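Report on the structure given below.
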Amino acid sequence: MSENNLLRGISDNGGVVFYGIDSTDIVREMERLHKTSAVTTAALGRLLTAAAMMGAMLKGSRDTVTLQINGGGPVGRLLAVADGAGHVKGYVQNPVVELPPRADGHLDVGAAVGTDGTLDVIRDLGLREPYIGQVPLVSGEIAEDVTRYFAVSEQTPSVCALGVLVNADLSVQCAGGFILQLLPGATEEEITRLEANIKAMPAVTAMLSEGKTVRDMLDLALAGFEPDVLDTAPAVYRCDCSEERVHRMLRSLGRKEVERLRDEDPHAEVDCQFCDKVYRVDLNDLLAAWPETPQAEGEPETGAAAQK
């Protein structure tokens, strides 16, 4: 997809930064891969949308940000990973969860996710140790939890709005979101105006369903601020798994463990939790080609694959 569906904007005086995305195609690809139920599509779709925008905040294209939620709800663990190049991928422990809608008729994402847990944000900037921030879940509705993360862990006053509209046949009609961040020096008048703008805005899915663009969201959110577009870029669902990554993951278990697995069954199947691709590995071949200086034991390939 070459469409520039991700936008960064800024107010005329530089006091407010806007990140917005139409993540419809991203969430559609996630639903196609994971075959999620409606409420699970909405939950993971929102997390992917937030992760894609937070990926745009990274400095380098190889830097990554991981959002992880385990709120004790029936969907189990949710994971979304984005990089600075506009690639995002996700995983949900239980793809099919059926819950009655809320009293207002909307999908009950909060009940599906749960609130007995945390939102973990892991930024890997290529340094020795990743930056890890963690906040208790507020509602399990994702947007409020991301807003709290920015306020508590990064001391950045922010507003996050996310939406996924799922059709009766479980297809994704539209998805998107925006994040607004106040930079130091914002005046009380600017904060009051911004709050009024946000309160007057329709829901994200309502705007997208009416044909509004991410630029329209920017103009509505920053009405009166004379906003400018900093840049636009494509953001897509893309898994970076490969046979080499699978081999690295297996080697990270250590030679003795691979030999033990080989003795049980020389033909291992490893499936990627982000795209469900299955890799078949001949463990005898892997051991025969074992490097003299293997990857350090106990240093797993994080999240790339899971052995069946």
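What you see is a predicted model, and the numbers here were worked out from it, not measured in a lab. The figures here come from the full heavy-atom set of this structure, side chains too, leaving out hydrogens, waters and symmetry mates.
A salt bridge does not link R102 with D108: none of the charged nitrogens is closer than 4.0 Å to a carboxylate oxygen. At a threshold of 4.0 Å, the pair R251-E244 counts as salt-bridged, since one of the basic side-chain nitrogens sits closer than that to a carboxylate oxygen. Using a 4.0 Å cut-off between charged side-chain N and carboxylate O, R46 and E141 make a salt bridge.
A43 approaches I142 most closely through the heavy-atom pair O-CG1, 4.1 Å. Listed here is the closest heavy atom pair of D22 and A175: OD1-O, 3.3 Å. The shortest heavy-atom contact between L33 and F274 is CD1-O, 4.0 Å. Nearest heavy-atom pair across V246 and V281 is CG1-CG2, 3.9 Å. Closest non-hydrogen pair, K35 versus P95, comes out as O-CB, 4.4 Å.
Here the side chains of R215 and V229 are in contact, with some heavy-atom distance below 4.5 Å. Between S153 and V135, the closest side-chain pair of non-hydrogen atoms falls below 4.5 Å. V27 is not listed as a side-chain neighbour of L44, based on a closest heavy-atom distance of 4.5 Å or more. Side-chain contact between I21 and L7 is absent, with no heavy-atom pair separated by less than 4.5 Å. Contact check for V138 versus T115: no side-chain heavy atoms found under the 4.5 Å cut-off. Considering only heavy atoms from C-beta on, K212 stays 4.5 Å or farther from M217 through its side chain. Side-chain contact between V164 and V109 is absent, with no heavy-atom pair separated by less than 4.5 Å. Using a 4.5 Å heavy-atom threshold, the side chains of L58 and V65 count as touching.
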* Determine, step by step, whether R193 and E190 satisfy the salt bridge (Lys or Arg N to Asp or Glu O under 4.0 Å) criterion, reporting the C-alpha distance in whole Å, the side-chain angles of both residues, the deciding distance to 0.1 Å, and the verdict. => CA-CA 5 Å; R193 181 189 297 171; E190 289 172 330; over 6 Å; no
* To do: Decide salt bridge (Lys or Arg N to Asp or Glu O under 4.0 Å) for R148 and E144; before the verdict, give the C-alpha distance in whole Å, the side-chain angles of both, and the deciding distance to 0.1 Å.
  => CA-CA 6 Å; R148 179 176 174 83; E144 296 93 331; over 6 Å; no
* Asked: R255 and E259: salt bridge (Lys or Arg N to Asp or Glu O under 4.0 Å), yes or no, with the steps?
  -> CA-CA 6 Å; R255 186 179 183 104; E259 288 174 344; 3.1 Å; yes
* **Stepwise salt bridge (Lys or Arg N to Asp or Glu O under 4.0 Å) check, K89 with D240** => CA-CA 9 Å; K89 59 185 180 180; D240 55 355; 2.6 Å; yes
* To do: Apply the test side-chain contact (heavy atoms from CB on, under 4.5 Å) to residues L119 and V121: give CA-CA distance (whole Å), side-chain angles for both, the deciding distance (0.1 Å), then the verdict.
  => CA-CA 7 Å; L119 165 63; V121 178; 4.2 Å; yes
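Rounded to the nearest 0.5 Å, atoms SG (C239) and CD (E29) are 10.5 Å apart. In this structure, the separation between CD on E31 and OG on S171 is 7.5 Å, given to the nearest 0.5 Å. With rounding to the nearest 0.5 angstrom, the CD1 atom of I179 is 4.5 Å from the SG atom of C160.
Distance alone, capped at 3.5 Å, is enough to place a donor-acceptor pair between the T147 side chain and the A143 backbone. Panel note: side chain N94, backbone V97; no donor-acceptor pair is recorded below 3.5 Å. Under the 3.5 Å distance criterion, the side-chain polar atoms of Y91 are left unmatched by any main-chain donor or acceptor of C272. A donor-acceptor contact shorter than 3.5 Å is absent between the side chain of R262 and the backbone of N284. Between the side chain of Q155 and the backbone N or O of V152, at least one donor-acceptor pair lies under 3.5 Å. Remark: the backbone N or O of V96 is not paired with any side-chain donor or acceptor of H34 at under 3.5 angstrom. Proximity of a side-chain donor or acceptor of N13 to a complementary backbone N or O of G15 within less than 3.5 Å is detected. Here the side chain of D63 pairs a donor or acceptor atom with the backbone of G60 at under 3.5 angstrom. A donor-acceptor pair under 3.5 Å is absent between the side-chain atoms of Q93 and the main chain of G76, judged by distance alone. Put simply, the side chain of D271 never gets that close to the backbone of V278: no donor and acceptor are under 3.5 Å apart.
The aromatic rings of F18 and F178 sit parallel to each other, their planes meeting at less than 30°, with 60° as the upper class boundary.
With I69 as the fixed residue, the side chain to side chain contact (heavy atoms under 4.5 Å, CB included) test singles out one of L79, V92, L137: L137.
A donor and an acceptor atom, one from each side chain of E269 and Y279, are nowhere located under 3.5 Å apart.
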